[in-house]
Amino acid sequence: MEYDFNRIEQKWQDRWREWQTYKVEEDTSKPKFYVLDMFPYPSGAGLHVGHPLGYIASDIYARYKRHKGFNVLHPMGYDSFGLPAEQYAIQTGQHPAITTENNINRYREQLDKIGFSFDWSRELRTSEPNYYKWTQWIFKQLFNSYYCNIDNKALPISELVEELERNGNALVQSPCDEDTPLFTAEEWKALSEAEQQAILLKYRLTFLSETWVNWCEGLGTVLANDEVKDGRSERGNFPVEQKLMKQWSMRITAYAERLLEGLEQVEWNDSIKEIQRNWIGKSEGASLRFSVENSSEQIEVFTTRLDTIYGVTFMVLAPEHELVNSITTASQKEEVESYCQQAALKSERDRQSDVKSVTGAFTGAYAIHPFTNEKIPIWIGDYVLASYGTGAVMAVPCGDQRDWNFANKFGIEIKNIFKDTDISEGANEDKAAIIDNSDFLSGLTAQEAIQQAILAIEKKEIGKGKTNYRLRDAIFSRQRYWGEPFPVYYENDIPRLTNDESCVELPEVDKYLPTEEGEPPLARAKKEDWNVFQGDRMEHNTMPGWAGSSWYFLRYMDPQNDTEFVSKEKADYWGQVDLYIGGAEHAVGHLLYSRFWTKFLYDRGFIAFDEPFKKMINQGMILGRSNFVYRIKDSNTFISLDKRKDYKTSRMHVDIELVDKDVLDIEAFKKWREEYKEAEFILNDEGKYICGFEVEKMSKSKYNVQTPDDLVEKFGADTLRMYEMFLGPLEQFKPWDTKGINGVHNFLRKFWRLAHDENNQIHLSDDEPTKAELKSLHKAIKKVTEDIDRKAFNTVVSNLMIAVNELNDLKCNKRYILKDLIVLIAPYAPHFAEELWEKLGHTESVTLANWPKFDEQHLKEDAFTYPISFNGKMRFTLELSADLSKEDIEKEVMAFEKTKQYMEGKNPKRIIIVPKKIVNIVL
RNA sequence: GCCCAGGUGGUGGAAUUGGUAGACACGUUGGACUUAAAAUCCAAUGGACAGUAAUGUCCGUGCGGGUUCAAGUCCCGCCCUGGGUACCA
């Protein structure tokens with residue numbers, strides 16, 4: 001074999017390991033560049049061809065940056081805590097650590113075969129104590145911090161304590177639990193230590209509290225909001241219900257505004273930014289209290305349309321609202337209670353899916369309109385969510401469609417407060433309408449009226465301008481085994497941090513299931529099973545999957561550090577991740593949490609930047625190409641795609657291994673399954689069985705999975721790398737089709753032959769290159785450099801092909817040309833490039849070679865071929881000297897024979913000439 | 001419903017700032033080499049029409065308008081596909 005890729009790839013993978021080619025150290029003499037792939041979870045299924053797509057792109061970029069003289073950090077590791085290994089442990093009793101280890105080894109083996117330039121000496125595993133020790137350490141820092149809205153940053157909790165001793169909490173401006181009481185310094189000092197701890201817990205950035213959580217019975221744990229999709233768990237698709245539980249949370253809401261602002265600083269694609277903006281869900285408006293008639297109670301509402309205050313004709317409380325019981329009148333009690341019961345029975349999912357039907361009940365109570373003093377009926381309705389705002393709304397049926405629907409259904413008055421606007425068929429939600437029938441707001445636009453109304457409620461002291469966020473605090477505990485233990489123990493039910501500096505390690509347990517009492521699996525561990533045990537008991541929850549992945553990019557900078565999570569010096573050197581590549585599925589989970597932790601660590605002075613990922617690219621999914629066979633109903637006869645129209649057939653997936661170019665290998669198919677042994681076939685006119693096809697997600701059940709291993713075996717890693725890039729733009733979703741891989745493989749062989757003779761011996765010429773050869777080379781240098789810079793990884797391959805095709809036509813085997821071309825291809829086909837580079841006589845790795853310099857002069861042309869258009873239609877081309885002036889071009893064109901032919905004897909109205917671009921003659 | 005991507009040959013895609021639409025590949029067809037096959041090499045390949053041919057004409061980037069000397073690219077309106085989100089007051 002002329003290009004013996006199997007031998008070459010093995011040889012260079014061994015040598016890279018031996019030479020430690022990709023090991024990287026901090027080096028202040030060079031500019032740094034940090035290229036990172038999203039942390040993979042090592043699943044048991046291994047990699048399919050879709051997984052390495054992003055890794056290949058980042059690897060190419062990392063290699064390119066090294067050639068350009070950057071000191072490149074390009075690490076890889078494993079987010080190795082997680083549910084699948086634990087589910088497997090529950091089923092089989094095998095410790096999740098063993099499953100995880102096996103899966104990692106398989107992953108590593110597959111990754112190594114593709115020839116990545118990872119610095120494996122920096123490998124991380126979140127499930128290793130020397131890693132999660134520092135995850136626990138960050139948790140401790142969060143526990144020991146509160147957020148100060150005056151300084152707009154996180155501060156040590158000790159500073160809060162000092163303030164509480166000085167002035168109580170009257171002057172403290174900090175996000176805290178809603179039930180935090182107001183107290184003086186004296187009152188604070190009078191509290192017991194335990195009581196003080198309970199108060200401080202209400203301010204800490206990570207805190208324990210009784211909250212409504214997403215409980216997933218199927219997984220036996222609570223889930224964060226981003227882990228729930230349509231009322232079901234994202235992993236496993238189990239139903240999720242609301243449950244009141246005591247849980248650890250992260251006060252991410254304190255960072256809502258900064259998380260929003262920070263999006264302006266990063267180069268991410270707009271759709272991900274938009275998803276985060278929606279998730280944070282900022283809305284500006286006002287909070288306002290309504291008095292309740294014959295009651296001391298007040299109902300607080302949040303509204304973004306305070307301008308429509310005069311249009312309020314009723315109020316609606318969520319069924320779970322705490323005032324429902326106390327304000328409902330005796331005569332309405334029965335109706336309200338039965339409504340609330342019905343609402344409680346409905347799952348979150350049902351309530352969300354059943355948006356169309358309007359339901360509610362009247363409480364019998366009335367609120368007082370703060371400006372008109374009119375009585376407004378108070379209703380309850382499940383279209384108002386307890387979890388957003390205050391769980392109550394002031395209903396303005398003329399200006400809000402939901403309120404309109406509700407009023408319409410229950411026959412409540414719909415007051416029109418918009419000038420020249422018809423609201424008989426629906427509400428007017430257009431902010432452009434002028435306010436009318438609204439006393440001091442009449443005649444104003446929405447914007448002006450909102451401002452005036454806020455001033456008015458502030459003056460009356462019944463409300464104020466307020467910004468609301470949809471973002472909720474993130475639940476941080478999981479009732480699972482395979483996760484980070486908390487560095488927390490309990491004493492008299494007060495949670496305290498372990499004062500031991502060492503890591504609280506995951507104890508051994510007899511089973512990976514909850515206890516009889518429903519306690520998490522860690523409750524099974526006896527005192528002596530813990531390496532650290534303090535107080536009455538240790539925390540039994542573990543941390544969620546996103547704990548370890550929220551800061552891993554920092555640990556890569558200093559993975560072996562035993563005294564710090566990362567040294568300041570190294571964090572300052574490597575800084576932000578310059579290029580982050582991964583899927584878009586982490587938009588509101590990982591990508592939001594790591595931004596949160598980064599900002600926190602920045603606030604507390606541990607790192608010098610507050611956004612983790614400067615630029616991000618989200619690679620699109622590679623879809624599978626499935627094949628189908630068609631069985632005639634109630635028979636064992638299969639019919640070719642093109643003949644099936646005359647029969648009733650059922651379509652079935654067939655393994656793509658049994659199909660070549662949509663033609664079925666009938667013998668192989670018969671052997672595939674016992675039941676097809678005797679199958680009959682109706683072939684098409686050419687005697688072939690043609691299969692149908694469809695593009696869909698790769699999955700085992702569709703028999704369309706393509707693993708990289710087979711392809712590496714058959715074509716080599718370099719071909720696979722190039723082909724995955726050649727498929728199309730990185731960010732696009734695209735179907736996988738192995739048909740095209742031959743083209744890329746042939747290209748590498750063609751390149752190989754350029755440098756070898758018929759006997760496969762290296763054969764190079766030391767002659768001076770010709771003008772044409774230099775032109776081909778420099779055209780390639782220019783295009784390849786520009787395209788990699790703008791991350792257009794697909795067109796780079798095309799341009800290398802063009803260069804090789806041209807040099808092949810020129811029969812160019814000049815050392816001078818090929819040495820640069822080898823460096824150009826090195827990021828894409830590193831083994832191939834190393835082998836040729838060595839054959840050229842180099843003793844060092846091609847990765848140390850400088851990127852070729854582009855020289856404009858080789859592309860200079862004496863002539864330019866002008867497209868000559870008439871009325872915008874291109875008719876012919878004309879080669880003219882490149883340095884002609886506009887006037888000369890016009891003269892030449894007009895004098896040309898063919899021009900006259902197209903002029904049809906007319907005089908041109910206009911002649912447009914763009915030098916080195918186009919000539920257009922307007923008739 | 002709302003928000004964000006995207007829609008170009010038989011297929012994947014290219015065209016970076018408005019300037020020769022379809023680069024580069026795959027596939028298909030024909031040819032060379034070969035006892036044969038594979039591999040390799042060469043040629044053709046958006047569609048329609050006219051011509052023996054060289055060649056020429058028309059149509060053509062989801063649809064309908066518009067701006068411009070010139071539109072895949074810009075503007076307006078719509079259709080379709082994919083993703084996100086959904087009673088958020």
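Predicted, not measured: the structure shown is a model, and the values here were computed from it. Heavy atoms only: backbone and side chains are in, while hydrogens, waters and symmetry mates are out. In what follows, chains carry the letters A, B, and so on, assigned in the order in which the sequence lines appear, proteins first and then strands, with residues in each chain numbered from 1.
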Expressed as a whole number of angstroms, how long is the span from [X]:[atom1] to [N]:[atom2]?
X	N	atom1	atom2	answer
A/Y828	B/C24	OH	P	18 Å
A/R875	B/U55	CZ	P	16 Å
A/N920	B/A71	CG	C1'	13 Å
A/L800	B/A25	CG	P	12 Å
A/L748	B/A25	CG	P	13 Å
A/Q901	B/G56	CD	P	8 Å
A/I911	B/C69	CD1	C1'	11 Å
A/Y388	B/A86	OH	P	13 Å

Could you check whether [X] gets within reach of a base, just the sugar-phosphate, or nothing at all, counting any heavy atom under 4.0 Å?
X	value
A/K783	base
A/N794	sugar-phosphate
A/F406	nothing
A/L727	sugar-phosphate
A/N805	sugar-phosphate
A/M801	sugar-phosphate

Test: [X] and [Y] ion pair at under 4.0 Å:
X	Y	value
A/E786	A/K782	yes
A/E806	A/K779	yes
A/R277	A/E274	yes

For [N], take OP1 and OP2 only and decide whether either is under 4.0 Å from a side-chain N or O of [X].
X	N	result
A/R470	B/U85	no
A/S283	B/A89	yes
A/Y723	B/G13	no
A/R790	B/U16	no

Where does the angle between the aromatic ring planes of [X] and [Y] fall among parallel (under 30°), tilted (30 to 60°) and perpendicular (over 60°)?
X	Y	result
A/F870	A/F876	tilted
A/F793	A/Y828	tilted
A/F314	A/F406	parallel

Subject >> Residue A/Q447 excluded, over 12 heavy atoms near CD under 6.0 Å >> reply: no

Counting heavy atoms from C-beta on, name the nucleotide in [options] closest to the side chain of [X].
X	options	result
A/P729	B/A89, B/G13, B/G56	B/G13
A/S798	B/G84, B/A23, B/G56	B/A23
A/T795	B/C59, B/A14, B/U57	B/A14

**OP:** Please answer whether the main-chain N or O of A/Q732 pairs with a side-chain N or O of A/K734 as donor and acceptor at a distance below 3.5 Å.
**Re:**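 Yes, because the side chain of A/K734 sits within donor-acceptor range (under 3.5 Å) of the backbone of A/Q732.
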
Subject >> Sidechain-backbone polar pair: A/K273 side chain, A/V266 backbone, donor-acceptor under 3.5 Å >> reply: yes

Original post:
Does the side chain of A/L880 reach to within under 4.5 Å of the side chain of A/V893, using non-hydrogen atoms?
Top reply: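 Yes; the side chains approach each other to less than 4.5 Å.
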
**OP:** Indicate yes or no: at least one non-hydrogen side-chain atom of A/F715 is less than 4.5 angstrom from one of A/Y723.
**Re:**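 Side-chain contact under 4.5 Å: no.
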
**OP:** Taking all non-hydrogen atoms of both residues into account, name the closest pair between A/A882 and A/E861 and its distance.
**Re:** CB-O, 3.4 Å

Original post:
What string of B, S and - do you get for nucleotides 4-10 of chain B, 5' to 3', if B is base contact, S is sugar-phosphate-only contact and - is no contact with any protein heavy atom under 4.0 Å?
Top reply: S------

Original post:
In B/S/- notation, 5' to 3', how is nucleotides 38-50 of chain B contacted by protein heavy atoms closer than 4.0 Å?
Top reply: -SSS---------

Subject >> Name of the residue among A/T359, A/N405, A/D403 meeting side-chain hydrogen bond (donor to acceptor under 3.5 Å, both in side chains) with A/Y383 >> reply: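 That would be A/D403.
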
**OP:** Report the residue (A/Y902 or A/I921) whose heavy-atom-nearest nucleotide on RNA chain B is the more 5′ of the two.
**Re:**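 Nearest nucleotide further toward 5': that of A/Y902.
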
Subject >> Range-with-range stems of RNA chain B (Watson-Crick or G-U pairs under 3.5 Å, three or more in a row) >> reply: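 The stems that RNA chain B takes part in, listed by first number, are B:1-7 with B:79-85, B:10-12 with B:24-26, B:27-32 with B:40-45, B:46-50 with B:55-59, B:62-66 with B:74-78.
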
